[in-house]
Number of protein chains: 2
Amino acid sequence: MSTIKVHGATFSTATQRVLACLHEKELDYEFVPINMIGAGEHKKEPFISLNPFGQAPGFEDGDLKLFESRAITRYITHAYADKGTQLVSKDPKKMAIVAVGMEVEAHKYDSPAAKLNWELCMKPMMGLETDEAIVKEQEVQLAKVLDVYESRLAESKYLSGDTFTLADLHHLPTLEYLMKTRVSVIFDARPHVSAWKTDIMARPAWKKVLAMKNNN
Amino acid sequence: MSTIKVHGATFSTATQRVLACLHEKELDYEFVPINMIGAGEHKKEPFISLNPFGQAPGFEDGDLKLFESRAITRYITHAYADKGTQLVSKDPKKMAIVAVGMEVEAHKYDSPAAKLNWELCMKPMMGLETDEAIVKEQEVQLAKVLDVYESRLAESKYLSGDTFTLADLHHLPTLEYLMKTRVSVIFDARPHVSAWKTDIMARPAWKKVLAMKNNN
């Protein structure tokens, strides 16, 4: 009987990030759906006792309660180091390289990727109008980040070395959404970035997260 | 002879974050000043070989080269766990709570704090005009984050428990700048936040970073 519970929504990129990590680690968990768009349950009790900022996902492992997807994935990988895929390293120098990759995702990649996802995927889904000026501006920002990734990925198969780590995994949710938009050409124009995203999107753990989303 | 080198500028908040960590850990290091404002050295070789995004600081420890201030402080605290102040925990559950605090700083606090710092401190220093609309908007965002902090700090002395950790330390650079602006009232209106910031700003390690900045 698993002690792990994930409270979230399968369309939420932050929820998907945590689910992808749990599947890579081959851990059992209970998924507790939060009705965000219809009922705004993430802004009310009991959810906001789990995350005072009212954002999915919330996470429990026994009496430990966490929020912030990237803190949750770090916890999972360290607490369950012996299970499933090794997504981090116990060696401080190797771990530091993974940590740089994770910070770059969080502070450089995620901002344009999340804004493009909002404009090109979420807004149309909700019947709102895409702001073309924002799209153009964020495409330029994303391209700059992907230029750095292209150089990095010419040297190693993954962003933080020759194995798949959390630094790669954290990109999957926005990547999946953006590949269905015109932004995909920015990725495909860079051969190493293109090969990398094809490789990580094909991982069985990620396919399981997509199946959950599509069956919802 | 220390193997640690920090390449940066003492006015840079990200550089200060790394220096504060090194002083807490009582580690020797060599500081390599980068002439950012005058010469734009952070956008040129040799610095951009250290950080392809061209932002201070860059960091070396022997043959290990890192960038992104929060990845650097994590590396320092894990690689030099036995030195100076214990800023993280080896226990995965306790470390997870520290990680949540660090993610909240990076994803919730830093955005309004950095924008207010830019508008109210950096722009006036560079002879540029403050945008009042941005200041008002970001003050509202900051106040919301500090409301959550106030509840948290009513339960424990520091953001991630009863000891000072990286989750607190990462706030120091923007906190120090903002305390010299009208934004200080947003902190002082919340008694637990006010006591917390007074406590962490008085740490001897932080005073040493300020002395470096003021002697520059």
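Throughout, a chain's letter reflects where its sequence line sits, starting with A, and its residues are numbered from 1.
The contact between A:Val148 and chain B is made entirely by side chain atoms (from C-beta outward), counting heavy-atom distances below 4.5 Å. For B:Ala81, no part sits under 4.5 Å from any heavy atom of chain A, backbone or side chain. Only the side chain of A:Lys108 comes within less than 4.5 Å of a heavy atom in chain B; its backbone stays farther off.
For A:Glu129, the CD atom sits in a loose shell: 12 or fewer heavy atoms of surrounding residues, nucleotides or ligands are nearer than 6.0 Å. Shown here is A:Lys123, whose NZ atom has more than 12 heavy atoms of other residues, nucleotides or ligands within 6.0 Å. Counting heavy atoms of neighbouring residues, nucleotides and ligands inside a 6.0 Å radius, atom NZ of B:Lys43 exceeds 12 of them.
Between atom OG of residue A:Ser69 and atom NE2 of residue B:His107 there is a gap of 7.0 Å, rounded to the nearest 0.5 Å. Separation of atoms CD1 (B:Ile72) and CD (A:Glu103) is listed at 9.5 Å; rounding is to 0.5 Å. Atom-to-atom distance recorded for B:Ile97:CD1 and A:Lys65:NZ is 10.5 Å, nearest 0.5 angstrom. Remark: A:Met95 CE to B:His78 NE2 distance equals 8.0 Å, nearest 0.5 Å. To the nearest 0.5 angstrom, A:Met102 atom CE is 13.5 Å from B:Arg70 atom CZ.
Using a cut-off of 4.0 Å between Lys/Arg side-chain N and Asp/Glu carboxylate O, B:Asp61 and A:Lys93 are scored as not salt-bridged.
In terms of heavy-atom pairs under 4.5 angstrom with chain B, the leader among A:Asp110, A:Val100, A:Asp91 is A:Val100.
Nearest heavy-atom pair, A:Tyr75 versus B:Pro92, reported as atom, atom and distance to 0.1 Å: CD1-O, 3.6 Å. The shortest heavy-atom contact between A:Phe67 and B:Val104 is CE1-CG2, 3.5 Å.
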